[in-house]
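See structure below.
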Amino acid sequence: MGEGFNLRRDVYVRISNLVRRLSEKHNWVLVLPPWGRFYHWSNTHPETYFPWKSFFDIPSLQKWIQVMEFEDFLKAQGSRVDSAYILQHYAEGWKDGKWEEKYDERPCIDRPAFQPHEGVWRGHVWGSQLVAQRFACVSVQGHASTLIQLLTKDAGSRVVYIGRAETVLHDEYGGKWYWQARRSMRFASHLREEAAVFRLKYLGSDDPQDGTELAPDWRDSKPRRGKAKGGPYVAVHLRRKDFVFARGKEVPSLKMAAEQIKHLLKKENLTSAFIATDAPHEEFAELQRLLPSAHLHHYTPEPLFLQQWGDGGVAIVDQIICSHARFFVGSYESTFSFRIQEEREILGFPEDTTFNRLCGENTKCEQPARWRIAY
């Protein structure tokens with residue numbers, strides 16, 4: 001709870017690979033918690049939850065590990081779980097600065113989601129109530145695989161709830177298993193189709209001419225860096241709102257952003273730019289005023305689309321459009337930009353058109369494209 005949409009997608013990769021390891025010996029299934037409202041989901045009611053099929057291709061995920069929607073779990077299993085654990089860091093931090101993989105049942109640092117009630121533990125999660133026979137807060141320091149012993153120590157626990165899974169690290173960030181799990185996270189077909197219609201109508205972009213076609217099954221897709229050309233537009237992720245205050249020196253003013261976009265359009269010999277941004281309407285209008293000779297585009301969903309797929313659907317359409325651009329530039333330390341860069345890696349775009357960011361006060365900030373990225 002409390003983490004954003006794109007960081008939670010990263011946590012899925014960590015836990016899916018944990019389930020892969022567990023499934024080497026036993027038949028484990030990962031229950032997918034529904035997506036609730038986040039900070040940026042201003043059009044989503046706080047009590048609205050979206051199943052994973054709203055945003056992702058479930059059969060594609062199933063080709064990596066066994067998964068099921070939370071709503072299907074409730075229908076099949078009911079609201080009871082055998083054990084519930086809330087993960088947390090060690091209150092004392094790293095002892096003597098020494099790193100070691102470990103976990104211990106400890107007193108809860110924060111108020112836990114589960115509370116004792118008539119001999120069981122009741123917790124309100126994802127708009128539903130779960131009832132656990134056993135509950136503990138677990139301080140953990142280590143990779144996701146550190147939890148294997150915890151999850152398998154009691155053979156009688158067939159259903160286990162884990163909260164705050166972002167506490168554990170990737171077992172293999174950027175390695176083979178990371179990318180297998182990440183590539184399985186294909187977007188739902190209705191979102192891919194929505195983005196394709198927009199790309200073709202406003203940006204003259206489609207997969208055959210852009211070199212961004214993928215095999216229907218992600219397991220058959222062999223990305224080759226540099227094969228993707230991209231559509232005839234520059235894509236920009238311009239993060240505003242809280243980033244303006246939290247990362248003021250790294251976030252450009254609208255005027256500085258316009259200057260950088262103008263430079264990129266000239267450099268790439270293009271006239272169109274797609275802007276994915278959380279900026280209010282008046283800021284986007286100001287950006288258009290600052291770039292009178294450019295064709296700026298911004299995805300605005302129809303009311304029915306927003307009703308069906310919410311802000312999460314809009315975010316993914318934005319990301320798909322950005323991931324197919326001739327050149328992409330993101331925002332400093334934004335997980336939204338990170339996910340776009342991963343999509344471009346999967347599609348086979350060159351590094352120098354992918355790992356770039358807008359500069360803040362220092363207009364000559366180091367570009368991540370100068371770093372070598374291991375695939």
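In what follows, residues are counted from 1 in the order of the sequence shown.
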- Query: Side chains of Y85 and E105: is there a donor and an acceptor less than 3.5 Å apart?
  - Reply: no
- Gap between atom CG of L7 and atom CZ of F338 - 0.5 Å precision: 10.5 Å
- Test R357 against E250 for salt bridge (Lys or Arg N to Asp or Glu O under 4.0 Å), laying out the working first. CA-CA 10 Å; R357 71 173 178 95; E250 304 293 345; 3.3 Å; yes
- Item | Taking every non-hydrogen atom, the tightest pair across A215 and R186 | O-NH1, 2.7 Å
- Query: Can a cation-pi geometry be assigned to R20 and W177, taking NZ or CZ under 6.0 Å from the six-membered ring centre and within 45° of the ring axis?
  - Reply: yes
- Nearest heavy-atom neighbours spanning R339 and N6: NH1-O, 2.8 Å
- What about V329 and Y233, same hydrophobic cluster or not, with Ile/Leu/Val/Met/Phe/Trp/Tyr joined at side-chain heavy-atom distances under 4.5 Å? no
- Message: Nearest 0.5 Å, please: how far is CG in D217 from CZ in R183?
- Response: 9.5 Å
- Output yes when a side-chain donor or acceptor of S83 lies under 3.5 Å from a complementary backbone atom of V160, and no otherwise. no
- Between S337 and H237, is any side-chain donor less than 3.5 angstrom from a side-chain acceptor? yes
- For atom CD of E302, is the number of surrounding heavy atoms from other residues, nucleotides or ligands below 6.0 Å larger than 12? no
- Query: In the single-linkage hydrophobic clustering (I, L, V, M, F, W, Y; side-chain heavy atoms under 4.5 Å), do W309 and V197 co-cluster?
  - Reply: no
- Item | Steps toward side-chain contact (heavy atoms from CB on, under 4.5 Å) verdict (L32, I58) | CA-CA 10 Å; L32 302 169; I58 300 300; 4.1 Å; yes
- Query: What class does the angle between the rings of F50 and W41 fall in, given that below 30° is parallel, 30 to 60° is tilted and above 60° is perpendicular?
  - Reply: perpendicular
- Message: Taking NZ in K153 as the centre, count heavy atoms belonging to other residues, nucleotides or ligands within less than 6.0 Å. Is the count above 12?
- Response: yes
- Message: Assess the residue pair V168 and Q141 against the criterion (side-chain contact (heavy atoms from CB on, under 4.5 Å)); give the C-alpha distance rounded to whole Å, side-chain angles, the decisive distance to 0.1 Å, and a yes or no.
- Response: CA-CA 7 Å; V168 295; Q141 179 175 286; over 6 Å; no
- Task: In sequence, state the C-alpha distance, the side-chain angles, and the governing distance for E259 and K262, and then conclude on salt bridge (Lys or Arg N to Asp or Glu O under 4.0 Å).
- Result: CA-CA 5 Å; E259 291 174 355; K262 181 179 179 180; over 6 Å; no
- Cluster check L270, I340: I/L/V/M/F/W/Y, side chain < 4.5 angstrom: no
- Query: Where does the angle between the aromatic ring planes of F135 and W121 fall among parallel (under 30°), tilted (30 to 60°) and perpendicular (over 60°)?
  - Reply: tilted
- Test log, rule side-chain contact (heavy atoms from CB on, under 4.5 Å), inputs L87 and L147: CA-CA 10 Å; L87 305 184; L147 301 177; 3.9 Å; yes
- Task: State whether a side-chain donor-acceptor pair under 3.5 Å links R219 with S184.
- Result: no
- Message: Parallel, tilted or perpendicular, judged at 30° and 60°: which one describes the rings of H298 and F284?
- Response: tilted
- Task: Compute whether any side-chain donor of one residue and acceptor of the other, for N43 and D311, lie under 3.5 angstrom apart.
- Result: yes
- Task: Could you walk me through whether V131 and V81 pass side-chain contact (heavy atoms from CB on, under 4.5 Å), step by step?
- Result: CA-CA 6 Å; V131 179; V81 301; over 6 Å; no
- Query: For Y202, does the OH atom sit with more than 12 other heavy atoms under 6.0 Å from it, leaving out its own atoms?
  - Reply: no
- Query: Looking at the rings of F274 and Y299, which for Trp means the six-membered one, are their centres under 6.0 Å apart?
  - Reply: no
- Message: For F70 and W126, take the angle between the two ring planes, folded into 0 to 90°, and tell me which bin it lands in: parallel under 30, tilted 30 to 60, perpendicular over 60.
- Response: perpendicular
- Shared hydrophobic cluster for Y332 and L264 (ILVMFWY, side-chain gaps under 4.5 Å): no
- Message: Which residue is it: R199, R326, K227, R344? I am looking for the one with a salt bridge (Lys or Arg N to Asp or Glu O under 4.0 Å) to D210.
- Response: R199
- Message: Testing Y49, F5, Y12 one by one against W35 for a ring pair (Phe, Tyr, Trp, His ring centres under 6.0 Å), which residue passes?
- Response: F5
- Message: With a 6.0 Å cut-off (strictly less than), is the heavy-atom count around NZ of K102, excluding the residue itself, greater than 12?
- Response: yes
- Message: Would R14 and D171 count as a salt bridge (Lys or Arg N to Asp or Glu O under 4.0 Å) here? Give the steps.
- Response: CA-CA 7 Å; R14 305 177 207 180; D171 278 295; over 6 Å; no
- For atom CD of E47, decide whether the heavy atoms of other residues, nucleotides or ligands shown that lie under 6.0 angstrom number more than 12. no
- Might you confirm whether atom CD of Q149 has over 12 heavy atoms from other residues, nucleotides or ligands at distances under 6.0 Å? no
- Do S79 and Q129 meet the criterion of a side-chain donor-acceptor pair at a distance under 3.5 Å? no
- Stepwise, does the ring-ring contact (aromatic ring centres under 6.0 Å, His included) test hold for Y161 with F114? CA-CA 11 Å; Y161 167 88; F114 286 78; 5.2 Å; yes
- Have T146 and E101 got a donor and an acceptor in their side chains that come within less than 3.5 Å? yes
- Give the cluster check for L200 versus L203: same hydrophobic cluster or not, with ILVMFWY residues linked at side-chain heavy-atom distances below 4.5 Å. no
- Message: Using every non-hydrogen atom in the two residues, find where I320 and S323 come nearest and quote the distance to one decimal.
- Response: O-OG, 2.7 Å
- Query: Have N17 and H170 got a donor and an acceptor in their side chains that come within less than 3.5 Å?
  - Reply: no
- CG of N269: more than 12 outside heavy atoms within 6.0 angstrom? no
- Query: Can a donor-acceptor pair be found between the side chains of N27 and Q66 at a distance below 3.5 Å?
  - Reply: yes
- Query: Without hydrogens or angle criteria, can the side chains of D104 and Y90 be said to hold a donor-acceptor pair below 3.5 Å?
  - Reply: yes
